[in-house]
Amino acid sequence: MTLKLNQLAIVFVAFSMLLSSCSNTKAEVKSEEQNVKGGFPFMLPETKPNRPLSAALERNYDAFMGPRQETNELFTQFKYTKLKGFDYNDGDGTISRRDPSKIIFVNGKYYMWYTHRETASAPVGVSNAHLSNDSIPSADWDLADIFYATSEDGFTWQEQGVAVPRAEKPNLGHRSVTTTDILVWEGKYYLYYQAFSVAPGKNGGDNCPVAVSYADSPDGPWTPYGKDVIPNGAPGEWDQFSIHDPYPIVHDGKIYLYYKSDFAKSETTQLVRMHGLAIADNPLGPFEKHPLNPIMNSGHETTLFPFKEGVAAFAIRDGNEMNTIQYAKDWVNFDVAANVEMMPDAAGPYIPDVFTNTKDGRGITWGISHFTVPHGNWKKNHAVLLRFDCDLSLDVHDPKMKRHHNKPKIQTLYRHGLSKEQRQRIDKANKAVLEHSK
Ligand code: AAL
C-alpha cells in the first residue's frame, strides 16, 4: 500500500512539473512570438498586434469597431441645422414642439410626429404642478397633443396638424399625449405615446404608462386602442411609475420596443434614468418585458437603430456612460462603442431599414431632435425641433463627421461658471489657508 502511495506521489510531482514547464513554455513561446523588438509601433496597427498590450490598448481593439475615431463606424460628430416651417410665437413659451418620432418616407415625403403644446401661458414647471390647471400647463409636455409634419428634404417642414388628440375625459391620456414614436407593421401604422391622465408632477412625478393608436395611412385617421400597452411595473419595481419614450424596432420578426424609466428618486438622491425592453408578436401586445431590464444604464430619451446584425443606441445626458453610442450584437446586452459629444436630445433618426427585420443594419446619417429652453429663460420654457446630421452609416464615409472634437467658444465655458455659494466656499477656504500660513 505505502509503495502504491509513493509511486502515486512521484507520478503527481512529475506531472505537475511537466505542466508548469508546458505553461512556462507557452508563456515563453507567447512572449517570444510577441517579443517584437522595441516599443509599440509609431503607426497604429489597424488590427490588434500580437504583443503584450496594456488594458487600454486591449480595450482599444476589443471594445471599438476601429482603433481610431476615423475608422470607428459608431463614432461621429453631430452637425445641427435650424428648421424652416415652424413658428414659436417669438419663443414666449406658449408654443412648444418636442420629442420627435423616428422619420419615415412614404409616397415621396418624409413624415414625423411630435409633442405639440399651444397654451395661453408658459409652463409653471413640474415642481410647481400644484399651480397648473385645465389651461395652465405644469411641464412643457403637459396639455399637449401629437401633431405631425411632412417634408421633401428634411430641412423645410409643413405642419399638417393633429394626429392623436388628447382623449376625452376620463379616458387614458385626457390630460396630455406626448413623446410618440412610429411603427410600420404589415402595412399598417402604429403610434405609441405617453398617456397622461394627471398633470406631470401632480402625482409625485412624471408618471404615465404607454398607449397606442393605429391607422391605415400616415395621414390618419388614428384610432386609439384605449388602454395601455406597456403598463407600469409592479409596486417596488424600477419602472413602477414612468414608462417613457417608447421606441419600437422590428427584429427577429417581432416588435422590440425600448423605453426609458425615471427611478430611484428620494429625499437625498436624484432621479436615475435607464432603459428597458419589451417584446411582442403583435403591435397591440401583449408586450413581455425583458427579464434583464434595465438593459442600458445610461441615457435619457431613447434613440436606437439596427447596425450590422445588432442594434446601436444613443446614451445621452444621464448616467455613468452618458455621451456614448452603445452596441448590442444580441439586441439586449449593450457595451460602449464610442464616446461622442454634443449629442442630439430626443433624437428621431431617419432609418430606412428599421422595419425591414434586417440582419444587416446600414446605420443612419440624419434625423430631427429637440432643444429645450432655447433662450435659457425658464419663464418662457418651451422646446424647438432642429435637424442633426452625422455619419453612423456603413454606406457613407464623411471625414468631416469623424473629426475628433468640437472646440467650444470660451464664453460657453465662462457662462458655465461657479454659483455664488460655490465661490464663497472657495474664498473662505483660501482665507483659512492664508490665515494658517501667517
Ligand atoms: C422627455 C422624455 C419624456 C419625459 C419628458 C417628456 O425628455 O423623456 O417625454 O416624460 O421628457
Side-chain angles (χ1 to χ4, degrees), residues 78-88 95-106 109-118 139-142 144-165 176-184 189-195 210 212-213 215 218-220 222 244-249 257-260 275 299-305 313-314 316-317 342-352 354-355 364-374 381-390 392:
F78 293 96
K79 308 284 181 183
Y80 295 93
T81 309
K82 188 172 175 146
L83 298 182
K84 292 199 176 79
F86 296 118
D87 169 61
Y88 294 94
I95 293 190
S96 184
R97 295 179 182 85
R98 54 176 300 147
D99 295 298
S101 69
K102 289 189 287 288
I103 293 157
I104 61 172
F105 189 74
V106 184
K109 283 186 295 194
Y110 294 109
Y111 282 76
M112 73 166 166
W113 292 261
Y114 45 92
T115 304
H116 178 277
R117 172 180 59 77
E118 183 157 1
D140 182 29
W141 54 94
D142 188 18
D145 307 288
I146 293 167
F147 269 42
Y148 79 114
T150 57
S151 171
E152 264 132 39
D153 61 7
F155 293 99
T156 302
W157 292 81
Q158 294 75 39
E159 184 154 78
Q160 302 296 337
V162 68
V164 178
S176 198
V177 283
T178 79
T179 325
T180 191
D181 199 18
I182 185 79
L183 166 70
V184 183
Y189 299 86
Y190 299 83
L191 280 176
Y192 296 85
Y193 47 90
Q194 296 175 203
V210 161
V212 62
S213 292
D219 296 298
W222 296 88
H244 289 165
D245 305 274
Y247 196 99
I249 300 185
L257 188 144
Y258 296 86
Y259 63 93
K260 165 175 76 87
H275 293 173
H300 199 99
E301 295 94 354
T302 47
T303 299
L304 302 100
F305 53 94
F314 285 6
I316 66 171
R317 64 172 194 285
M342 283 174 65
M343 292 185 87
D345 283 349
Y350 172 54
I351 318 170
V354 72
F355 304 129
I364 64 170
T365 60
W366 71 280
I368 301 294
S369 60
H370 76 202
F371 195 93
T372 58
V373 205
N381 177 9
H382 68 291
V384 301
L385 300 175
L386 65 170
R387 174 174 164 134
F388 69 88
D389 284 81
C390 61
L392 292 168

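All values below were derived from every heavy atom in this structure, side-chain atoms included, with hydrogens, water molecules and symmetry-related copies excluded.
For Arg117 and Trp141, the positive end is not near the middle of the six-membered ring at less than 6.0 Å and at most 45° from its axis. A cation-pi geometry, defined here as NZ or CZ lying under 6.0 Å from the six-membered ring centre and within 45° of its normal, holds between Lys102 and Tyr247.
The shortest distance between side-chain heavy atoms of Asp389 and Phe78 does not fall below 4.5 Å. Between Phe155 and Arg387 there is a side-chain heavy-atom pair separated by less than 4.5 Å. The shortest distance between side-chain heavy atoms of Ile364 and Tyr350 does not fall below 4.5 Å. Between Pro165 and Val177, every side-chain heavy-atom pair lies at or beyond the 4.5 Å cut-off.
Side-chain contact, Gln160 with Thr150: a donor N or O sits under 3.5 Å from an acceptor N or O. Asp140 and Ser96 share a donor-acceptor pair across their side chains, judged by distance under 3.5 Å alone.
Here OG of Ser151 is found 8.5 Å from CD1 of Ile103. Values are rounded to the nearest 0.5 Å. Distance CH2/Trp222 to OH/Tyr189: 8.5 Å, rounded to 0.5 Å. Atoms CG and CG, from Leu83 and Leu386 in turn, are 6.5 Å apart once rounded to the nearest 0.5 Å. Rounded to the nearest 0.5 Å, atoms CD1 (Ile316) and NE2 (His300) are 6.5 Å apart. To the nearest 0.5 angstrom, Leu257 atom CG is 8.5 Å from Leu183 atom CG. With rounding to the nearest 0.5 angstrom, the CD atom of Glu301 is 5.5 Å from the CG atom of Asp99.
Between Tyr193 and Tyr114, a ring centre-to-centre spacing not shorter than 6.0 Å is recorded. Aromatic pair Tyr80/Phe388: centroids not less than 6.0 angstrom apart.
Residues Ser176 and Ala144 share a closest heavy-atom pair of OG-N, 2.9 Å. Closest non-hydrogen pair, Ala149 versus Trp157, comes out as O-CZ3, 3.6 Å. Closest approach of Ile182 and Pro248 over heavy atoms only: O-CG, 3.6 Å. The minimum heavy-atom distance between Asp153 and Thr156, with the atom names listed, is OD1-N, 2.9 Å. Nearest heavy-atom pair across Tyr259 and Pro246 is CB-CA, 4.5 Å. In plain terms, the two heavy atoms of Asp87 and Ile95 that are nearest each other are O-CG2, 3.7 Å.
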Subject >> Chi angles and distances behind the side-chain contact (heavy atoms from CB on, under 4.5 Å) call for Gln194, Asp245 >> reply: CA-CA 7 Å; Gln194 296 175 203; Asp245 305 274; 4.2 Å; yes
Subject >> Worked verdict on Leu385 versus Ser369 for side-chain contact (heavy atoms from CB on, under 4.5 Å) >> reply: CA-CA 6 Å; Leu385 300 175; Ser369 60; over 6 Å; no
Original post:
Can you list the steps and then say if His370 with Val384 is a side-chain contact (heavy atoms from CB on, under 4.5 Å)?
Top reply: CA-CA 5 Å; His370 76 202; Val384 301; over 6 Å; no
**OP:** Run the numbers on Val184 and Ile104 for side-chain contact (heavy atoms from CB on, under 4.5 Å), then give the verdict.
**Re:** CA-CA 9 Å; Val184 183; Ile104 61 172; 4.2 Å; yes
Original post:
Are Tyr110 and Trp366 close enough, and set up right, to give a ring-ring contact (aromatic ring centres under 6.0 Å, His included), and what steps lead you there?
Top reply: CA-CA 12 Å; Tyr110 294 109; Trp366 71 280; 5.0 Å; yes
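In this pair, Tyr148 and Tyr111 present their aromatic rings parallel. The plane angle is below 30°, not in the 30 to 60° band. Using bins of under 30°, 30° to 60° and over 60° for the plane-to-plane angle, the ring pair Phe147/His116 lands in the parallel bin.
Using a distance-only test at 3.5 Å, with no hydrogens or angles considered, a donor-acceptor pair links the side chain of Thr115 to the main chain of Thr179.
Residues forming a salt bridge (charged side-chain N to carboxylate O under 4.0 Å, His left out) with Glu159 (at least two apart in sequence, or on another chain): Arg97.
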